[in-house]
Amino acid sequence: MKLKGISVRSTITSLFEQVANEQHRKLAPLTDDLKLLQSGLDSLSFAIIVARLEDQLGFDPFNAAVAVEFPVTFGDFVGLYENSSS
Amino acid sequence: MTSGGTPPTGSFHGVDTVIKLADLENASCLEGRLEELRGRRVLISARDQLVAALALVELDGVAQRLVLCPPDLSAAHFPIVIKSADADAWVRDSAMPEENAATLPTCVTAAPAAVARDVTRRRSHDTEWVLLTSGTMGAPKLVLHTLASLTSAIPSQQPKPGSLVWSTFYDIRRYGGLQIFLRATLRGGALVLSDPVEATTDFLTRAAAAGITHISGTPSHWRRALMSGAAATIAPRYVRLSGEIADQAILDNLRAAYPQSTVAHAFASTEAGVAFEVDDGLAGFPASLVGSAGEKVQLKIEGDTLHIRSDGNAARYLGEGAETLRDDDGFVDTGDRVELRNGRYHFVGRAGGVINVGGLKVYPEEVEAVINSSPWVRMSLVKARRNPITGAVVTADVVLADDAAGFGQRPVGEALTREIIEICRRVLPAHKVPTMVRIVPALDVSASGKLVRPSA
């Protein structure tokens, strides 16, 4: 389980970097308390990240039967995926 | 709006200025050149919403025609807009490049301020209002309205002056934002204008300081507000969603974030006007709204798309060879597909494969034309993929050309899809660029030789 947690986090981290690079945006250091809206990414960038995560991890936690709370920090975002994958 | 009768009593809140509309009685933003614009067909093209808002208030009833250019209208599209609208003057702000409309004989550089002037307000024209909406191949379509058609959905009862503070995440030059601008201006409220470079948190703080009571945006705007962690900064009485499908998740999230507010989702389009507003907290709309004769707004479902007939319909498209707006019975086809489930109609996407990315329309044909310009590509199909952040994103299926002699070695795998995406990125705005490209062996083509488009 722990290993899975680490791999979800590293997948998310590398996707943030990849999308920031593609969208020519400067990414802030990805600490758990970083506010997503201060990460340097826009809504479209987050949309792309969520779509690619669905392809790579096989699920979309936003599409769950129960409405999820929107993540505010990078840590919330990672937690949302880690909790859905376990 | 200032010409004749009592001047509006509201105010506009820009990022660092507040302007009372009553001040326009002895002041103007138009360099003292209001009379030069009388009877003219005027483009209003400013980076700053405050400038556009002031110009609209001053020029309604004065100009023959006002063309509301969104701030992101590309320089390349100015000539077609000028020609289609038969424009002969423009109002810009200092941030808008002068060369965009250098062919027009009159150019007024408006200020984001009410500058003291002797002005005589006099109503001489029933001004036409022209809105821009995206067209199939990227060039905008011009949609002709009147103040009467734009305001037909606004309730006529007058609230106590000063009791309402409106805001919108939208730009007021788009239909959804213009509805809020008109409500605020005509009903005597304050309007807090958004700014594209302002952080969501700062905007919400400013709206809260102004005492916001009514606020609107697309589901994507609202998701962004929820992600900012600052949604609770404001405590509006009324929260409105429009411009995109409002799914149950976003309605539930907003209900939880604003337990004291009415959360309403409205359906409107630039061409068809406002169809309805639903505030029962459920996605979709009651089937009983369709076909009820004698109502002010009439809805019908034909094929599987929603059609609307009302006083809020636009009059027509402008420009050479423009298509017809209404059918023989006077209905406008919104192109939005619906499906009946348990007594409610739910929106399920757009006809013709049109994709709605965060409230912005993307025509697949425009993106396909760019992809097909790659020497490696024979044909492509651009389609929507559902997305929880922006409603949808653009994806593409691509069939490779057999050979492309003279272009060197074709890249393989990811290098190839990256190159295709890069071609798109060079010429298209970000929301139109495919987020994913899939190489496929073939695409379905119908007997008539057209690409078969998925219906969602």
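Residue numbering restarts at 1 for every chain, and letters A, B, ... go by the order of the sequence lines. Predicted model only: the values in this text are computed from it and were never measured.
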Closest non-hydrogen atom pair between B:Ile389 and A:Phe62, with its separation: CD1-CZ, 4.2 Å
message: For chain A, which candidate among B:Leu226, B:Val393, B:Val357 shows the most heavy-atom pairs at distances under 4.5 Å?
response: B:Leu226
Note each donor-acceptor pair with a separation under 3.5 Å, taking one atom from chain B and one from chain A.
residue: B:Arg224; atom: NH1; partner: A:Ser43; partner atom: OG; Å: 3.3
residue: B:Arg385; atom: NH1; partner: A:Asp55; partner atom: OD1; Å: 3.2
residue: B:Arg385; atom: NH1; partner: A:Asp55; partner atom: OD2; Å: 3.1
residue: B:Arg385; atom: NH2; partner: A:Ala51; partner atom: O; Å: 3.0
residue: B:Arg385; atom: NH2; partner: A:Glu54; partner atom: OE1; Å: 3.1
residue: B:Arg385; atom: NH2; partner: A:Asp55; partner atom: OD1; Å: 3.0
residue: B:Asn387; atom: ND2; partner: A:Ala47; partner atom: O; Å: 2.8
residue: B:Arg425; atom: NH1; partner: A:Glu22; partner atom: O; Å: 3.4
residue: B:Thr435; atom: O; partner: A:Arg52; partner atom: NH2; Å: 3.1

- prompt: Given that the side chain runs from C-beta out, which part of B:Met227 has a heavy atom under 4.5 Å from chain A: side chain, backbone, both or neither?
  reply: both
